[in-house]
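Chain A is the first sequence line, chain B the second, and so forth, proteins listed ahead of strands; every chain is numbered from 1.
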Protein chains: 2
Amino acid sequence: MATVDLKRLAKELNLAVSTVSRALRDSYEISAETKQRVFELARKLNYVPNPYASSLRKHKSKTIAVVIPEIANNFFALAINGIESIAQEKGYHVLIYLTHEQYARELSISRHLQSGRVDGLLVSLSGETNNYDHLQELKQTGVPIVFFDRICESLNSARVITNDFESGMKAADHLIERGCRRIAYLSISHNLSIANKRMDGYIRAHEKHGLPFDPKLVLQCSANDNDGNYKAILNLLKKKNRPDGIFASVEKLAILSYQACDELKLRIPEDVKVLGFSNLETAAWLNPSLTTITQPAFEIGKEAAALLFKTIEKKSMNFSEEKLVLNSTLIVRNSTK
Amino acid sequence: MATVDLKRLAKELNLAVSTVSRALRDSYEISAETKQRVFELARKLNYVPNPYASSLRKHKSKTIAVVIPEIANNFFALAINGIESIAQEKGYHVLIYLTHEQYARELSISRHLQSGRVDGLLVSLSGETNNYDHLQELKQTGVPIVFFDRICESLNSARVITNDFESGMKAADHLIERGCRRIAYLSISHNLSIANKRMDGYIRAHEKHGLPFDPKLVLQCSANDNDGNYKAILNLLKKKNRPDGIFASVEKLAILSYQACDELKLRIPEDVKVLGFSNLETAAWLNPSLTTITQPAFEIGKEAAALLFKTIEKKSMNFSEEKLVLNSTLIVRNSTK
DNA sequence: CTGTTAGCGCATTCAC
DNA sequence: GTGAATGCGCTAACAG
C-alpha cells in the first residue's frame, strides 16, 4: 500500500504540493472550491500527515512527557488519567517515562528529552533526587516544565500540589483526638517536599495539643526498598514502647503498616491506629478501619496538564511560575471507633 | 542557547556532516581518532540528536503506542510497568492512549496511528469494540500489533493472554467446593473474549460438578457504566432467590459486589461468597475474605512488549502471529472459612 | 577513511 | 489564488 503524502494528493489533483498543504491547514488564501476538492481526496485516500516531517519543520511535536517515579500506584495512575484527558482534548500525545524512584534514571531521561522530542514536561520527582541541575538545564533549553505533587522547591517552576502541611496536621490531629500519644511518622524520603511538609504538619499538631514530639518516632523510609521498609516498621512495632498510632506519608507505607500489624497480631485500630495518604478509593471500603488522606489525583493531573499547555502555547521564554494548591480530604470510614 | 546539531559539530571539527553522523553512530568506516574527537565535542556541547529528523529519514520512530481502556486499574498499571521496562531496555519510547472503554476513541486513535508515528502497537480492546476493521487496516499499513489480555479473536495477530477458561473454571470450582450452589457471574462485556472465556470455564465447572447452570445468574455488565452496574448487582442481591456466590470477571465488578453486600448488610463470606479477578495484590490483605484470581500483569506487559519488539525488528511484513498464554493464580487468604 | 549530494514529508518563504 | 523553491536535521548512496 503506497504511502499517501502531500505529493500524491497534489499529483492526483493537478495542484502544487504547497497548495494542498495550505488547503489542508485551511489557509485563507485558498479558494473554497479547491479546499473542498483537497479535503475530499484526502479523506478518500485516508491521508494522515507525517507527524515527524511536520515536527521537524515546525519545531513543535505536539507531544508532552510525563516523568514519574512509578505507575503501579493509584495516585500516579489517576494523575495520568487526568493528564491524558486534557492532552487528548488539546490534540497532544503523551509519552510516559518511569524513574523507578532512581535519580540515575531521572537524569538519563532528562538528558534524552533535550532532543526536542517533547514540547513540555510534567514531572514528579524520584525519591532519590536531591540535585536538580538536570531539570534546570532542560528548562534553560526552552522546555517548559510543570511539577506536580513531588515538586522541586528550589527551582522556580510551575507546580501543582496539595496542602501537605495542613493535611499532615489534620491527620495527626485525628489520631491525637482518638487518643494516640505516640504517633510514628513514616516518611517516604527525606528528599521529598511532600514527606517533609506532611511531617511539619504532624509536628505542628503535637505542638497545638501540647504534646511532646519524639524524633525517635520518625522513620525515614527508602523510596525503593520495600523489604527494608517493612522490616523497619516491624522493628518499630516490636519495641516495648511501641507507637499507638502510625501516620504513613504514602500509600505504600500505609499498606506495609497494615501488613506488619497483621504479622505481629496487633489489632487495628484497637492496638494501633493507622492512617495514611492513599488513593485506594475503590478499595477503602474493604477495610473499615482504613482511614486515609486522599489527594485529588485526577484533578492534579488535569490542572498540571492545563498549566503546561498554557505555558507551551504562550510561547514566551518567560515560563509561567504559577503555583496551584489543591486540597486533600480526610476519609474516615470507621468513625465509631 | 544555540541549538547544537551535526552541522555545528562538523564546523567546529572541520569535518563533513556525514562524517560526524557516522562517527556518532560508531560506524566502522570512521577512524578511531576521528570518533574520539567527535565524541568528545559532542559530549562537551551536550549534543542530542533530533529524533524527528532521524525518524523522518529512517521511517522508524523508536516509539510504540500502548492503547488501553483505562489506567486507574491495577492490571493495566502493572502491565504498563512491564512494557515500559522492556521499552527502556531497548531504547524505545512509550506513548499512552486511553480509550476509556469507548469504541469511538479506539477508532480515532487507530486512525491517528496510521501516520507512522509509532513502530508498533500494544493493544487491549475497549469493552465496546466489536468491529476490528480499524486495527485490521492499521496492520495492513505495516504497523505490527500485539494484543494483550483483551485480544481480538478474529484478527490473526500476535497476542499475550492468560488461561482464562481454566481460571474461570478454577474460580467456580472453588466457590462450589465451599458450598455455593447459585453463583452469579458478572461479565464485564459480552464483546470481550476474556469475559466470555471465563464464563465458559464457570459453566464447565458447573457441568463437572453435575450442577445446573442458571443463565439468569449471568449479569452482562457495561464496561463504562459503574452506576448502572452497581444497581444491577444490588438488584441481583435483593432477589428472594439471591445468589450465594459471586464470580466477578474483573476487579471493578468485584469491588462493586463488596460495596453492594455492604449496603445490603450481607456478610462476606457467610451470606455471599465473593471471588473476582483482581490485581489488588497489595490491598488483598486488607480484607481476609477477599479471594481473588490474580493475573501476572507485569509479566504480561513484558512478554507483550518483547513480542512486539521481536516483530518490529524482524522487519518482514509477515508479522508474527505468536500466541503466549500465561497462568493466573487463585489467591485465598481466608482458607479456614 | 572522508566528502559531496540527494532526499525523508512538510510548511513557509517568495514569486507570479 | 496558486506554484516553485528552500530547508528543518539527519542518513544513505555514491564518489574518491
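- Where Ser54(B) and Thr34(A) meet DNA chain D, the nucleotide closest to each residue was compared, and Thr34(A) sits on the side nearer the 5' end.
- Of the N and O atoms on the side chains of Arg22(A) and Ser18(A), at least one donor lies less than 3.5 Å from an acceptor on the other residue.
- Under 4.0 angstrom from either OP1 or OP2 of dG3(D) there lies no side-chain N or O belonging to Ser18(A).
- What separates CG of Asn14(B) from C1' of dG3(C) is a distance of 13 Å, to the nearest Å.
- Between the C1' atom of dG1(D) and the CZ atom of Arg37(A) lies a distance of 13 Å, rounded to the nearest Å.
- Using a 4.0 Å cut-off, some side-chain N or O of Thr19(A) falls inside it from OP1 or OP2 of dG3(D).
- The listed nucleotides are dA12(D), dC10(C), dC10(D); the one nearest the side chain of Lys58(B) is dA12(D).
- Counting only distance, with no hydrogens or angles, the side chain of Thr63(B) and the backbone of His93(B) share no donor-acceptor pair below 3.5 Å.
- Each of dC10(C), dG9(D), dA12(D) was ranked by its minimum atom distance to the side chain of Arg25(B); first place goes to dA12(D).
- In the set dG9(D), dT12(C), dT4(C), dT4(C) carries the atom at the smallest distance from any side-chain atom of Ala16(B).
- The listed nucleotides are dA12(D), dT12(C), dC8(D); the one nearest the side chain of Arg22(A) is dT12(C).
- Relative to the side chain of Leu56(B), the nucleotides dC10(D), dT2(C), dC8(C) differ in distance, and dC8(C) lies closest.
- A donor-acceptor contact shorter than 3.5 Å links the side chain of Arg37(A) to the backbone of Leu13(A).
- Tyr28(A) has its OH atom 13 Å from the P atom of dT2(D), to the nearest Å.
- Here the side chain of Leu6(B) is nearest to one of dG9(D), dT2(D), dC10(D), namely dC10(D).
- Within the 4.0 angstrom heavy-atom criterion, only backbone atoms of the sugar-phosphate kind lie near Ser31(B); the bases stay farther away.
- In this entry the distance linking NZ of Lys7(B) with P of dT4(C) reads 14 Å, nearest Å.
- In this structure, Val17(B) reaches the bases: a heavy-atom distance under 4.0 Å links it to at least one base atom across the strands shown.
- In this structure, Arg57(A) places its CZ atom 10 Å from P of dG9(D), rounding to the nearest Å.
- Within 4.0 Å of Tyr47(B), counting heavy atoms only, lie sugar-phosphate atoms of the nucleic acid but no base atom.
- Taking atom NE2 of residue His59(B) and atom P of nucleotide dG7(C), one finds them 13 Å apart after rounding to whole Å.
- Salt bridge status for Arg8(A) with Glu12(A): present, with a side-chain N to carboxylate O gap under 4.0 Å.
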Discussion item. Evaluate Glu89(B) against Lys302(B) for salt bridge (Lys or Arg N to Asp or Glu O under 4.0 Å), listing each step before the verdict.
Written reply: CA-CA 11 Å; Glu89(B) 206 173 90; Lys302(B) 282 177 74 164; over 6 Å; no
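- You'll find that the side chain of Glu29(A) is closest to dT2(D), out of dT2(D), dG7(D), dG9(D).
- Between Phe309(B) and Tyr92(B), the angle of the ring planes lies from 30° to 60°, which puts this pair in the tilted group.
- The CG-C1' distance, from Asn50(B) to dC10(C), rounds to 14 Å in whole Å.
- Rounding to whole angstrom units, CG of residue Leu9(B) and P of dT2(C) are separated by 15 Å.
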